[in-house]
Amino acid sequence: MEFSEQLPIVVQALNQGFLQTLKLFFVTLLGAIPLGLIISFGSMSRFRPLSYLTKIVVWIIRGTPLMIQLLIIYFMPGLMGNNIWGGGESGRFLAASVAFVFNYACYFSEIYRGGIQGVPKGQEEAGLVLGMTKSQIFFKITLLQMIKRIVPPMSNEIITLVKDTSLARIIALQEVIWAGQSFMKGNQGIAGVIWPLFFTAVYYLIFNGILTVLLGRLEKKLEYFR
Amino acid sequence: MAILEVQHVSKSFGNKEVLKDISFSLEKGQVLSLIGSSGSGKTTLLRCLNFLERPDGGVIRVNGETLFDAGDAVTGQESEIRKKRLHFGLVFQSFNLFPQYTALQNVMLAKELLEKEKPDYKWRKKEIHAQIEAEAKELLDQMGLSDRMDNYPHQLSGGQCQRVAIARALALKPDILCFDEPTSALDPELTGEVLKVIKSLADQETTMIIVTHEMAFARDVSSQVIFMDDGHIMEQGTPEEVFINPKKERTKQFLSRYTEG
Ligand SMILES: Nc1ncnc2c1ncn2[C@@H]1O[C@H](COP(=O)(O)OP(=O)(O)OP(=O)(O)O)[C@@H](O)[C@H]1O
Ligand SMILES: [Mg+2]
C-alpha cells in the first residue's frame with residue numbers, strides 16, 4: 001500500500017483513539033476536581049480519625065504507580081468472581097475512569113489543601129472584624145486567593161494528565177497510542193510501520209500546546225493582584 | 001457613662017493565663033494607649049474585644065449594653081457575635097487588606113455586604129451604592145489617599161496600606177476603634193504618616209484603643225494609658241501619671257528601655 005493510501009486510514013484510526021483519550025481526560029477532570037475538594041476537607045478535618053484515614057489513603061494512592069491501580073481496579077473484581085465493569089471497551093473505559101478520577105482527586109486534594117492553608121489567617125479575621133459571615137468571607141475574600149494559588153500547580157497536573165491517559169493502554173483501552181501501535185502488529189492491511197506512533201505524539205503536543213496557552217491565560221488574568 | 005467597660009476579663013491558652021483580671025473603662029471620645037513588653041497580652045486583649053478570642057471570664061459592656069458576660073452563655077452565641085463585633089473596629093499590624101480589591105473596594109466591601117442584607121436594598125441599590133462609594137471616597141480623602149483609590153494593595157506602600165485599613169475600619173462607624181501596633185510593620189520613614197492620621201482622628205474625638213511601642217506618640221495622643229505586664233494591668237492613669245511619675249518599679253524599668261539610647 002502506498003503511503004498516500006495508508007495516511008487517511010491511519011489518521012482516521014488515530015482520531016478515533018484520540019477521542020477516547022479526550023474522553024478519559026475530561027471525565028477525569030470533571031470527577032477529580034470536586035472529589036479532590038471533598039478529600040481535602042477530609043484531610044483537614046478536625047475529627048482526627050477521618051483526617052488520618054484520608055491522609056493514609058492519599059499517601060497510598062500518591063505513593064504507588066497509577067498503572068498498578070489501573071490493573072487492580074480493572075482485574076480484581078473479575079478475579080474475585082464478580083466482574084462489575086462488564087466486558088468490552090465500555091467496561092475498560094469505566095474502570096479506567098474510576099482509577100484516574102480517584103488517583104487525580106488525591107493529587108488535587110493536596111494542591112487544594114496548600115491553596116486553602118496558604119491564605120493568611122488575617123484575611124478571615126479582617127472579614128470577621130468587619131462583620132462578614134463565614135460564607136461571605138469564603139466567597140468574597142478567600143476563594144479567589146485560593147484559586148490564584150492553585151492554578152499553577154493544577155496546570156502542571158493537568159498537562160501530566162494528558163500524557164498519563166496513555167497508561168490506560170495497559171488494560172487495552174483503545175486510546176490513541178493503542179491505535180498507533182495497532183499498525184505495527186497489523187490493522188486494516190497496514191503492518192510493521194512505526195510512523196503512526198510518531199503521529200500520536202503530534203496529537204499530544206498539539207493538545208498540550210492548546211492547554212498550556214489557555215491555562216497560561218488564566219494565570220495571567222489573576223496576576224492583577226498579589 | 002463610659003462607652004466601654006471591661007470588668008475582670010481573663011483568658012487562658014491551654015494552661016497559660018494570658019489575661020488576668022483585666023478591668024478598665026473608657027469615656028467616649030477618649031484615647032487609651034496600651035503599652036507593655038512583648039507577650040504581656042496586649043494583642044489578646046484587643047482580640048477579646050473584637051470577639052476574635054472568647055474570654056474565659058469577665059464582662060464587656062459598650063454603652064451600657066452587655067456584649068459579653070462569661071457567666072451568661074447567651075452572650076457568647078455565634079449568631080449574636082457578628083452584630084456585636086460592629087461596635088468595635090480593628091486595625092491590624094499587618095494591615096490584612098484584601099489583595100484582590102482596590103483601595104476603594106476594600107473600604108466599601110463590608111458596608112455593601114451589610115446593606116445587601118436589608119430588605120429595601122433591592123429597590124434602592126443604585127442609591128445605596130452611590131452613598132457608600134461617596135462615603136468611602138471621603139474617608140480615603142481624609143486619609144490623604146484621594147489619588148490612590150483605584151490602586152491594589154500591592155501597588156501601595158506600607159503606610160498607604162495601613163491608611164486604607166484605617167479607612168476600611170472607619171467605614172462601618174465603630175464605637176471604638178482598636179489599633180494593634182499599627183506602625184510596627186512599617187519602615188521608620190512611613191510611621192509618621194500613619195501616626196499623623198491617628199492623631200487627626202483623636203482630634204476629631206474618635207474613641208480609640210491603641211497598642212503601641214511609640215511612647216512619645218502615646219504620651220502625646222492619649223487621655224489614658226495602661227501598662228500591661230504578664231497579663232496584668234500593672235499601672236493605669238493619665239499619660240503624666242504613667243510616663244512621668246510611674247509608681248511601680250516594673251513600669252519605670254519598662255519605660256527606661258525607651259528613654260535610653
Ligand atoms: N492562639 C494562641 N495560642 C496559644 N498562646 C497564645 C495564642 N495567642 C497568644 N498566645 C500567647 O499569649 C501571650 C500573650 O500574647 P499577645 O500576643 O497577646 O502579647 P502582646 O502583648 O501582644 O505581645 P507583642 O508585643 O509581642 O505583640 C504570649 O505568651 C503568647 O505566646
Ligand atoms: Mg501583639
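In the text below, chain A, chain B and the rest are named by the order of the sequence lines, each starting its count at 1.
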- Task: Please flag which part of B:L86 lies under 4.5 Å from any non-hydrogen atom of chain A: side chain, backbone, both or neither.
- Result: side chain
- Query: In terms of side-chain geometry, is the basic nitrogen of B:K122 or B:E127 positioned less than 4.0 Å from the acidic oxygen of its partner?
  - Reply: no
- Message: Between B:L172 and chain A, with a heavy-atom cut-off of 4.5 Å, which part of the residue counts as in contact: side chain, backbone, both or neither?
- Response: side chain
- Message: Under 6.0 Å between ring centres: does that hold for A:F207 and A:F25?
- Response: yes
- Message: Is B:F98 close to chain A through its backbone or its side chain, or both, or neither, when contacts mean heavy atoms under 4.5 Å?
- Response: both
- In terms of side-chain geometry, is the basic nitrogen of A:E175 or A:R169 positioned less than 4.0 Å from the acidic oxygen of its partner? no
- Looking at B:A110, B:P99, B:P174, B:S94, which one has more heavy-atom pairs under 4.5 Å with chain A than the rest? B:P99
- Please flag which part of B:E117 lies under 4.5 Å from any non-hydrogen atom of chain A: side chain, backbone, both or neither. side chain
- Item | Option that, when pairs with chain A are counted at under 4.5 Å, heavy atom only, ranks first among B:R47, B:H154, B:K84 | B:H154
- Item | side-chain contact (heavy atoms from CB on, under 4.5 Å), paired with B:R148, selected from B:T102, B:L156, B:L104, B:L140 | B:L156
- Query: Is A:R149 close enough and on-axis enough to A:Y112, meaning under 6.0 Å and within 45°, for cation-pi?
  - Reply: no
- Task: Report yes or no: is the cationic atom of B:K125 (NZ for Lys, CZ for Arg) under 6.0 Å from the centre of the six-membered ring of B:Y121, at an angle within 45° of the ring normal?
- Result: no
- Is B:E78 salt-bridged to A:K134, going by a charged N under 4.0 Å from an acidic O? no
- Under 4.5 Å from any heavy atom of chain B - which part of A:E125: both
- Item | A:K148 versus chain B, the contacting section by heavy-atom distance below 4.5 Å | neither
- Message: Given heavy-atom pairs under 4.5 angstrom as the criterion, report whether the side chain, backbone, both or neither of B:I81 touches chain A.
- Response: neither
- Message: Can you tell me which of B:F88, B:Y101, B:F51, B:F95 forms the most heavy-atom pairs within a distance under 4.5 Å of chain A?
- Response: B:Y101
